[in-house]
Amino acid sequence: MSNTLSGELFLQDEKIAIVASRFNELIVSKLVDGAEYCLTSHGVKSDNIDTAWVPGAFELPLIAQKLAATKKYDAIVCLGCVIQGATPHFDYVCSEAAKGISKVSLDYNLPVMFGVLTTNTLEQAFERSGAKAGNKGYEAAISAVEMINLGKKIDNTL
């Protein structure tokens, strides 16, 4: 029988940063609201949540990296929305945002969550920002809570 490690879904004194894209702000503001609601519902004090707004999804990794370098945060939640257009620009922005966010997480040994919607239509974005498909900002935040606690458990077993 194997040992199973999992992260609880409650925090106490942890500090979380949210990095949010102003591009498609109508959608992203709903993701931020969902993330903040999730974090405060799971024990994070609102004073322990800092939010930084950047121009677009492409800029998320740089500010996530700067925040990670401060060593003040237990996790960073990156939120954005990129909607498919008529050019390949969508593919480049999504790919680089995902790669950059992943790199920050691995470079700083820190949960850096990818909460960037990559949708084909505005309707799909609305569905994922609080309508029938839930709120992906909330989901990214709850993943951050779980990852913080799982990481602590693993650190304590070493």
Step through the shown structure and confirm whether more than 12 heavy atoms of other residues, nucleotides or ligands are within 6.0 Å of OH on Tyr92. no
Give me the ring orientation class for His42 and Tyr138: parallel if the planes are under 30° apart, tilted from 30 to 60°, perpendicular past 60°. perpendicular
I'd like to know if Leu60 and Ile16 are part of one continuous hydrophobic network [Ile/Leu/Val/Met/Phe/Trp/Tyr, side-chain heavy atoms within less than 4.5 Å]. no
Over all heavy atoms of both residues, which pair between Ala144 and Val77 is shortest? Give the atoms and the distance, please. CB-CG2, 3.9 Å
Shared ILVMFWY cluster between Val54 and Phe114, side chains joined below 4.5 angstrom? yes
Pro111 and Ser105: which non-hydrogen atoms are nearest, and at how many Å? CA-OG, 4.2 Å
Give a yes or no on whether Phe23 atom CZ has more than 12 heavy-atom contacts from other residues, nucleotides or ligands under 6.0 Å away. no
Heavy-atom nearest pair, Ser21 first then Pro55, reads OG-O, 3.9 Å
Can you tell if the side chain of Gln12 reaches within under 4.5 Å of the side chain of Lys45, non-hydrogen atoms only? no
Picking from Leu11, Val44, Ile148, what satisfies side-chain contact (heavy atoms from CB on, under 4.5 Å) with Asp74? Ile148
Would you kindly confirm whether Phe126 and Val32 end up in one hydrophobic cluster when ILVMFWY residues are joined by side chain heavy atoms under 4.5 Å apart? yes
Supply the atom-to-atom distance Asp33 CG to Cys38 SG, rounded to the nearest 0.5 angstrom. 12.5 Å
Would you say Val116 and Leu79 make side-chain contact, with heavy atoms under 4.5 Å? no
Side-chain contact, heavy-atom cut-off 4.5 Å: Leu122 with Ile27? yes
Strictly distance-based, threshold 3.5 Å: is any side-chain N or O of Asn120 a donor or acceptor partner for the main-chain N or O of Gln84? no
Hey, any chance Trp53 and Leu31 share a hydrophobic cluster, counting ILVMFWY side chains that come within less than 4.5 Å of each other, even indirectly? yes
Distance-only polar pair, side chains of Tyr73 and Asp50, donor-acceptor under 3.5 Å: yes
Just verifying a value: how many Å separate Ile83 CD1 and Thr118 OG1, rounded to the nearest 0.5 Å? 10.5 Å
Counterpart residues, side chain to side chain contact (heavy atoms under 4.5 Å, CB included), relative to Thr87 (two or more places apart): His89
Check: Glu59 side chain, Gly56 main-chain N or O, donor-acceptor pair, under 3.5 Å: yes
Test side chain to side chain contact (heavy atoms under 4.5 Å, CB included) on Glu36 and Thr40; report intermediate values, then the result. CA-CA 6 Å; Glu36 289 175 346; Thr40 57; 5.5 Å; no
Short question: side chain of Asn135, backbone of Lys30 - any donor-acceptor pair under 3.5 Å? yes
Nearest non-hydrogen partners of Ala133 and Arg128, listed with the distance: CB-CG, 4.0 Å
Search all heavy atoms of Lys72 against all heavy atoms of Lys15 and return the closest pair with its distance. O-CB, 3.5 Å
Supply the atom-to-atom distance Asp155 CG to Lys152 NZ, rounded to the nearest 0.5 angstrom. 9.5 Å
Summary of salt bridge (charged side-chain N to carboxylate O under 4.0 Å, His left out) pairs that have at least one residue in residues 88-116, sequence neighbours excluded: Glu96-Lys99, Lys103-Asp107
Return the CG to CD1 distance between Asn156 and Ile154, rounded to the nearest 0.5 Å. 10.5 Å
For Leu9 and Ile142, run side chain to side chain contact (heavy atoms under 4.5 Å, CB included): C-alpha distance rounded to whole Å, both residues' side-chain angles, the deciding distance at 0.1 Å, then the answer. CA-CA 7 Å; Leu9 299 179; Ile142 197 67; 4.1 Å; yes
Point-to-point distance, once rounded to the nearest 0.5 Å, from CD1 of Ile76 to CD1 of Ile101: 10.0 Å
Donor-acceptor under 3.5 Å (Ser41 side chain, Tyr37 main chain): yes
Taking a hydrophobic cluster as the set of Ile, Leu, Val, Met, Phe, Trp and Tyr residues connected by side-chain heavy atoms closer than 4.5 Å, whether directly or through intermediates, do Val93 and Leu117 fall within one such cluster? no
Can you tell me how far the CG atom of Leu67 sits from the CG atom of Leu110, to the nearest 0.5 Å? 10.0 Å
Okay, side chain of Asn149, backbone of Glu8: is any donor-acceptor separation there less than 3.5 Å? yes
State, with a plain yes or no, whether a side-chain heavy atom of Val112 is found less than 4.5 Å away from one of Tyr108. no
Contacts satisfying salt bridge (charged side-chain N to carboxylate O under 4.0 Å, His left out) that involve residues 130-148 (not counting sequence neighbours) are Glu127-Lys132, Lys136-Glu139
Closest non-hydrogen contact found for Met113 with Ala140 is CG-O, 3.5 Å
